[in-house]
Asks: 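Below are the structure tokens for one structure; questions will follow.
As the structure lists them, so they are numbered: ligands from 1, and atoms in each ligand from 1. Because only heavy atoms are used, hydrogens play no part in the values below, and waters and symmetry mates are left out as well, while side chains stay in.
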Amino acid sequence: MPTTMSCPQANAKPLSRSPRRAASPQTTSHSKGNRYLSVCLKCLGFLGTDVLFGAKAQDVLYASCKRRVERSLRAVLEEAVRSLAARRDTNQCFELQVTIHAEVLQISVVARKDVLNDRRAQELVNSLLTSLTKPTRLTGETLMLAPDPRIGYHLGSVAAFDKASFALARASLNNPVQSYDARQRQLRLARMRREAEIRDGLRRGEFVSYFQPKIDPRNNKVVGGEALVRWQHPKKGLLMPKEFIGIAEESSLICEISRAVAKQTITLLTQLKQKAKAVPIAINLSEQDLKGPDLIEQLGRQLKRQNLKPELINLEVSERVASMNEEDLSEFMKAVRKAGFSLALDDFGTAYSGLLRLLQLPISEIKVDRLFLIKAAASAQGRSILQNLVCMLLEQKFRVTVEGVEKPRELKILKAMPGCFAQGFYFSPAVDARTFQGLNA
Ligand code: C2E
Ligand code: MG
Ligand code: MG
């Protein structure tokens, strides 16, 4: 049953809306002078108790929480009213209602603005958390269960349990209390819409792999290629990876994109082989792709089916690979080794990574980020850094590719460093598969 409390003072004036009506979660009537704190509270520690001890046991646990919650909220609210009455000689009232809806305690507090301000709302929510830190005894059992609460709340001019419930969904172990944030919700909705769009795009086959040639700067010959995905969007035209890779990486969609790219790469390799022009093609992998052997095994099977050698596939991973969990990494490496693919380290030098750990990985190629080339073109010191870096990597028997060659001056710097390869707009941007086949190999 809901609990409605009014001001402790005997001559308390009612709230401007009827004091007899509890602040029902469904209520829409509101008065200008009141604020509404809507709270949704779930006890994660009670999950599963109904299966173990029956639904009644969970009722007992929640009833005990409800009592604690009511007690602590009433204490804070009464104290607030007392302090205001002493200062300004005004009587203030509040209404409190606690109900249970499908394992969620719905708490509604209605009070005048001066009783229920932002600071007090925080205080009330914190008091909830404190009141639930002690374990709860399960009747008839000696079990003491920690409620482990998660709380979502919203303070506004009407009761808004939908907003409190949205905030609750964001609560986590590290941040058990969350307030409603309209901007966050908009961002999440936008992201979900974008994810749905990507999913549709994948279904319609709109993700197309382009290929950028890798060049030997000594003779300008194509010695390989890199698959770079584009989204042929029906309304927005050709979209670059920065428009969708980030969102896809936050879900499993990136793995589907990688599978599409891998398939198109095999098709290109098959066509190149028919023209006796096969060169190794690199595929970019995201962290999610490294979390299981699926993609590698699928690539291996497809290559075999087309009678293509595994040396024709090069996998590009970023420096973040160095911070991956040991177990995932070792399973991935095992699959790569078994399939016979080689690994390249992309964007070398752009992120902090344990160089020693990186060098322990079976990486055969390093792709030096364009930033080094920009610095090299700008100063003698930058040139010396790049030259020494490339020299050290070549000495360590890595294949070295410098990324982002745009200008003749940059190419000149590379030509002074025999043994490294180049990629960049100076030679060619990424082009569609048909154009790539026409390039000079
Ligand atoms: P990346 O793997 O380092 O690829 C090189 C990027 O540099 C490409 O951008 C390429 O178009 C661009 N680039 C090439 N030459 C030049 C140049 O001379 N100057 C400059 N300024 N840029 C140059 P793109 O295609 O926009 O791709 C950006 C990033 O998106 C890639 O960086 C890669 O990290 C990611 N990406 C692209 N395709 C895939 C994919 O299929 N899967 C995954 N997981 N990531 C991908
Ligand atoms: Mg790359
Ligand atoms: Mg790169």
Side-chain angles (χ1 to χ4, degrees), residues 198 201-202 206-215 217 222 224-232 237-268 280-291 295-296 299 313-321 332 341-351 353 363-377 399-411 413-414 420-433 435-436 439:
I198 294 179
L202 275 162
E206 291 166 5
F207 288 85
V208 198
S209 191
Y210 274 43
F211 299 89
Q212 185 177 35
K214 187 189 291 180
I215 306 287
V222 177
E226 175 176 4
L228 293 162
V229 70
R230 271 80 181 112
W231 182 0
Q232 188 62 66
L238 196 69
L239 299 183
M240 299 299 274
K242 67 170 186 307
E243 311 249 16
F244 56 87
I245 287 279
I247 294 168
E249 279 181 338
E250 284 171 25
S251 64
S252 58
L253 289 169
I254 189 65
C255 299
E256 287 186 49
I257 293 182
S258 299
R259 268 197 286 275
V261 169
K263 202 165 160 214
Q264 293 173 45
T265 302
I266 302 281
T267 306
L268 173 71
I281 304 286
I283 296 173
N284 288 282
L285 299 186
S286 294
E287 245 171 296
Q288 290 235 35
D289 294 313
L290 314 189
K291 290 205 170 127
L295 178 69
I296 307 303
L299 256 170
I313 291 287
N314 195 214
L315 303 170
E316 291 194 6
V317 295
S318 81
E319 291 187 22
R320 270 178 295 171
V321 76
F332 170 76
F341 301 146
S342 61
L343 276 187
L345 190 62
D346 206 354
D347 308 331
F348 180 77
T350 51
S353 50
I363 284 164
S364 47
E365 176 173 354
I366 304 278
K367 299 192 74 173
V368 178
D369 195 82
R370 167 166 168 75
L371 273 178
F372 285 92
L373 200 51
I374 292 173
K375 297 269 183 230
R399 221 173 325 127
V400 179
T401 301
V402 178
E403 295 185 284
V405 183
E406 288 183 1
K407 300 174 184 138
R409 194 150 44 106
E410 294 166 352
L411 176 61
I413 295 170
L414 285 199
C420 68
F421 298 118
Q423 236 179 283
F425 296 157
Y426 176 83
F427 305 105
S428 164
V431 291
D432 62 39
T435 312
F436 187 87
L439 295 174

Asks: Can you confirm whether something in the protein, heavy atoms only, sits under 4.0 Å from atom 30 (O) of ligand 1?
Replies: yes
Asks: Is the Mg ion (ligand 3) less than 2.8 Å from an N/O/S atom of E403, whether that atom is in the backbone or a side chain?
Replies: yes
Asks: Answer yes if the side chains of D289 and S258 hold a donor-acceptor pair under 3.5 Å, and no otherwise.
Replies: yes
Asks: Please report the interatomic distance CG(L202) to CH2(W231), rounded to the nearest 0.5 Å.
Replies: 8.5 Å
Asks: Among all protein heavy atoms, pick the one closest to atom 15 (N) of ligand 1 and tell me residue, atom and distance.
Replies: Q212 NE2, 3.0 Å
Asks: Between E249, R230, M240, which one has a non-hydrogen atom sitting closest to atom 25 (O) of ligand 1?
Replies: R230
Asks: Among protein heavy atoms, which sits nearest to atom 1 (P) of ligand 1, and what does the distance come to when rounded to 0.1 Å?
Replies: D346 OD2, 3.6 Å
Asks: Which residue holds the protein heavy atom closest to atom 44 (N) of ligand 1, what is that atom called, and what is the gap in Å?
Replies: S286 OG, 2.8 Å
Asks: Considering only the protein, which heavy-atom contact is closest to atom 19 (N) of ligand 1, and what is its distance?
Replies: E406 OE2, 2.6 Å
Asks: Within the stated cut-off of 2.8 Å, is an N/O/S atom of E316 closer than that to the Mg ion (ligand 2)?
Replies: yes
Asks: If you measure from atom 33 (C) of ligand 1 to every heavy atom of I257, V261, N284, which option wins on shortest distance?
Replies: N284
Asks: Out of P241, A227, G424, C255, who is nearest to atom 26 (O) of ligand 1 when you count heavy atoms only?
Replies: P241
Asks: Does V402 reach the side chain of F421, with side-chain heavy atoms less than 4.5 Å apart?
Replies: no
Asks: Just jot down the ligand 1 atoms closer than 4.0 angstrom to any heavy atom of I245, in number order.
Replies: 43 (C), 45 (N), 46 (C)
Asks: Does ligand 1 have any atom that is closer than 4.0 Å to a heavy atom of E226?
Replies: yes
Asks: Less than 4.5 Å apart, any side-chain heavy atom of E226 and any of I281?
Replies: no
Asks: Test F341 against every option in N314, I283, L315 by the side-chain contact (heavy atoms from CB on, under 4.5 Å) rule and name the one that passes.
Replies: L315
Asks: With side chains defined as the heavy atoms from C-beta onward, is the minimum distance between L411 and P217 less than 4.5 Å?
Replies: yes
Asks: Please confirm whether F436 and Y210 have ring centers closer than 6.0 angstrom.
Replies: no
Asks: Decide whether the shortest distance between a heavy atom of E403 and an atom of ligand 1 is less than 4.0 Å.
Replies: yes
Asks: Does a side chain donor of either S318 or D346 reach within less than 3.5 Å of an acceptor in the other side chain?
Replies: no
Asks: Please find the N/O/S atom of D346 nearest to the Mg ion (ligand 2) and write down its name.
Replies: OD2
Asks: Are side-chain heavy atoms of F348 and I366 found at a separation under 4.5 Å?
Replies: yes
Asks: Suppose we only allow N, O or S atoms; which atom of D347 ends up nearest to the Mg ion (ligand 3)?
Replies: OD1
Asks: Checking one value in my table: which N/O/S atom of E226 lies closest to the Mg ion (ligand 2)?
Replies: OE2
Asks: Counting C-beta onward and ignoring hydrogens, is there a side-chain heavy-atom pair between S209 and F211 closer than 4.5 Å?
Replies: yes
Asks: Between E403 and K214, does any side-chain N to carboxylate O distance fall below 4.0 Å?
Replies: no
Asks: Which residue owns the protein heavy atom closest to atom 10 (C) of ligand 1, what's the atom, and how far is it?
Replies: L228 CD1, 3.8 Å
Asks: Is there a heavy atom in Q423 that sits closer than 4.0 Å to ligand 1?
Replies: no
Asks: To check your reading of the model: name the closest protein heavy atom to atom 3 (O) of ligand 1, its residue, and the distance in Å.
Replies: D347 OD1, 3.0 Å
Asks: Where do G404 and L373 come nearest, in terms of heavy atoms and distance?
Replies: O-CD2, 3.8 Å
Asks: For Q423 and T401, does a side-chain donor sit closer than 3.5 Å to a side-chain acceptor?
Replies: no
Asks: Please identify which atoms of ligand 1 are closer than 4.0 Å to at least one heavy atom of G404.
Replies: 16 (C), 17 (C), 18 (O), 19 (N)
Asks: Closest by any non-hydrogen atom to atom 39 (C) of ligand 1: pick that one out of I374, D369, V229, V405.
Replies: V229
Asks: For atom 23 (C) of ligand 1, which protein heavy atom lies nearest, and how many Å away is it?
Replies: F425 CZ, 3.3 Å
